[in-house]
Amino acid sequence: MIEDARVLRAEFVPHELEHRDGEVTHLSQVLEPVTRGEPAGPAIITGPSGVGKTCVARYTVEQLREQHLDVASQYVNCWQNYSRFRALYRVLEGLGKTVDIHRQSTPHDELLERLRQYDGPPCVVVLDEADQLESADVLYDLHALSSFSLVLIANREADLFAGADDRLRSRLRGSERIGFDRYGIDQLTSILQARARWGLTEDAVATDQLRDIADAAAGDARVAISILRNAARRAQRTTAATITDEIVTAAVPAGRSAVHRRTLDTLTPHQRAVYEIVADARRIDPSTLYRRYREAVDDPKTDRTVRNYLGKMVQYDLLVAEGTSRDRTYRVVEPAADEG
DNA sequence: GTTCCACTGGAAGACTAGGTTT
DNA sequence: AAACCTAGTCTTCCAGTGGAAC
């Protein structure tokens, strides 16, 4: 059934990108100065999840590097590297400049100094999930250095600028914008077809089933691929020769929630306890929430810390906060909910 | 309209973990 | 071994906000 599991992973970047020619061309044009050794203006890529933002960025940068030897690049996932230190560290890592600073007691300044001294070929830095950075300092740091060209990826541009001061905001205002829309059913179906062709045995899945998966994924390619992967695993387990309608139906919920569950796994035990309390109550006010939290765990953190947790989980789309003052309530985001 | 106060979130500093230097 | 770094986490303190009660 499954011939090449790599192809069924969401992070996989195919050799040919479908349905995103315009966006690839646009980004290539923005980054074109880099091929002449000149700095390129920042590009801001926005759009809902699972529409190929990361894929297009990585693909385009990869193409650029294939055509021009004198271009460096580094991809940084700001979700995992959300602090200034970690983000800058990852950039240096890509340049191979971290050999002797595998130590924690290296100050920010040292990292910045190394970036400043960088005299290699122009470097394209892709900051994925850039809205997850805890401070916009990183954007400021890198934008100030002409060797580095920024590609910023975020769901919404507003989130990206939320943490930025006016100075940075006005600097980024002139950035090139590339907006992504959700895939249509036909587009999603043909994306799945390509993955099935490379990743599954021949005739393992029919176009009708792929259409059903595409329909269930509501324009989100990550969810669609996750469902396909889940379906293929189920078929393999039951030694079915093909992916049937029944298998698809069974695979949809698991495929949908896979993305959500992965973020839940990143929570600490205390954060998890807070999340569970909110999940148990359909809707909960802050004081009740904190009282229950204190009862639920040993050695509870302060309410201020719990507020930080809540803010973080709202950022991560795990919780929704409604109301601004005394009317504030929290509730969980349902895994199957359509992301905005 | 005024007051109350639950709630938010910024700022500053203490504490911890984990590394380096002497 | 002890002294000394730093980033990251958590706490303490508090000003500001805006529904709710009066």
Side-chain angles (χ1 to χ4, degrees), chain A residues 74 76-95 97-117 127 129-142 156 158-169 263-279 281-333:
Chain A
Q74 178 62 356
V76 180
N77 186 320
C78 300
W79 182 293
Q80 285 138 21
N81 305 281
Y82 55 87
S83 74
R84 188 182 179 195
F85 182 89
R86 286 190 201 160
L88 292 178
Y89 188 91
R90 284 280 293 157
V91 175
L92 275 173
E93 210 169 39
L95 302 173
K97 301 276 186 186
T98 50
V99 205
D100 57 334
I101 49 174
H102 254 298
R103 52 186 172 184
Q104 194 181 34
S105 45
T106 303
H108 281 134
D109 296 350
E110 176 70 22
L111 298 189
L112 260 180
E113 195 47 42
R114 298 236 176 173
L115 287 171
R116 249 183 230 117
Q117 282 168 4
L127 295 179
E129 319 226 32
D131 53 331
Q132 294 297 327
L133 287 168
E134 67 177 358
S135 101
D137 289 346
V138 183
L139 305 184
Y140 199 82
D141 294 337
L142 290 172
R156 295 181 309 167
D159 298 335
L160 193 55
F161 288 141
D165 59 10
D166 292 341
R167 196 169 44 157
L168 182 60
R169 215 168 293 186
T263 61
L264 275 182
D265 287 344
T266 68
L267 299 180
T268 67
H270 281 273
Q271 292 166 345
R272 188 60 176 250
V274 172
Y275 179 86
E276 298 292 343
I277 290 165
V278 179
R282 206 174 59 83
R283 183 181 286 277
I284 194 166
D285 63 280
S287 46
T288 310
L289 169 54
Y290 186 61
R291 190 161 41 74
R292 289 196 190 158
Y293 162 77
R294 284 192 71 94
E295 288 162 7
V297 302
D298 297 332
D299 203 7
K301 311 286 184 188
T302 62
D303 65 332
R304 183 66 187 86
T305 298
V306 170
R307 283 209 295 283
N308 280 340
Y309 292 166
L310 289 166
K312 184 175 164 184
M313 286 189 263
V314 168
Q315 271 266 303
Y316 285 7
D317 269 338
L318 290 174
L319 298 181
V320 180
E322 283 158 333
T324 55
S325 179
R326 302 187 80 165
D327 57 337
R328 169 62 68 94
T329 57
Y330 293 96
R331 62 179 172 82
V332 298
V333 173

Using whole Å, report how far [atom1] of [X] lies from [atom2] of [N].
{"X": "A:Arg86", "N": "C:dT6", "atom1": "CZ", "atom2": "P", "result": "18 Å"}
{"X": "A:His108", "N": "C:dT6", "atom1": "NE2", "atom2": "C1'", "result": "9 Å"}
{"X": "A:Phe85", "N": "B:dA17", "atom1": "CZ", "atom2": "P", "result": "19 Å"}
{"X": "A:Tyr290", "N": "B:dT8", "atom1": "OH", "atom2": "P", "result": "13 Å"}
{"X": "A:Asp303", "N": "B:dA6", "atom1": "CG", "atom2": "P", "result": "12 Å"}
{"X": "A:Leu111", "N": "C:dC5", "atom1": "CG", "atom2": "C1'", "result": "14 Å"}
{"X": "A:Asn81", "N": "C:dG8", "atom1": "CG", "atom2": "P", "result": "10 Å"}
{"X": "A:Asp299", "N": "C:dC10", "atom1": "CG", "atom2": "P", "result": "11 Å"}

Exercise. Within the structure shown, what part of the strands sits under 4.0 Å from A:Thr305 by heavy-atom distance: base, sugar-phosphate, or nothing?
Worked result: base
Problem set entry | Qualifying salt bridge (Lys or Arg N to Asp or Glu O under 4.0 Å) pairs with a residue from residues 284-303 of chain A, counting only residues at least two apart or across chains | A:Asp303-A:Arg307
Exercise. So, is A:Tyr89 close to the C:dT6 phosphate, meaning a side-chain N or O under 4.0 Å from OP1 or OP2?
Worked result: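 It does not, given that no N or O in the side chain of A:Tyr89 lies less than 4.0 Å from OP1 or OP2 of C:dT6.
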Exercise. Distance check: side-chain N/O of A:Tyr309 vs OP1/OP2 of B:dT8, anything under 4.0 Å?
Worked result: no
For nucleotides 14-16 of chain B, print each protein N/O atom paired with a nucleotide N/O atom at under 3.5 Å, atom names and distance only.
none

State the [atom1]-[atom2] distance between [X] and [Y], to the nearest 0.5 angstrom.
{"X": "A:Arg114", "Y": "A:Tyr89", "atom1": "CZ", "atom2": "OH", "answer": "10.0 Å"}
{"X": "A:Leu127", "Y": "A:Gln74", "atom1": "CG", "atom2": "CD", "answer": "10.0 Å"}
{"X": "A:Thr266", "Y": "A:Leu318", "atom1": "OG1", "atom2": "CG", "answer": "7.0 Å"}
{"X": "A:Arg156", "Y": "A:Asp131", "atom1": "CZ", "atom2": "CG", "answer": "8.5 Å"}

For this session: Could you check if a side-chain atom of A:Gln271 sits within less than 4.5 angstrom of a side-chain atom of A:Thr305, using non-hydrogen atoms only?
Result: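 In short, these two side chains do not touch, never coming nearer than 4.5 Å.
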Exercise. When you check every protein heavy atom under 4.0 Å of nucleotides 14-22 of chain C, what one-letter string (B, S, -) results, 5' to 3'?
Worked result: ---BBB---
Seminar exercise, completed: Across all chains, not counting sequence neighbours, the salt bridge (charged side-chain N to carboxylate O under 4.0 Å, His left out) partners of A:Arg283 are A:Glu322
Problem set entry | For A:Arg116, salt bridge (charged side-chain N to carboxylate O under 4.0 Å, His left out) partners two or more places apart |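 Expected list: A:Glu113.
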Seminar exercise, completed: Of B:dC7, C:dT11, C:dA7, the nucleotide closest to the side chain of A:Asp285 is B:dC7
For this session: Kindly state each residue pair satisfying side chain to side chain donor-acceptor pair (under 3.5 Å) with at least one member in residues 77-87 of chain A, sequence neighbours excluded.
Result: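 Qualifying pairs, neighbours excluded: A:Arg84-A:Asp141.
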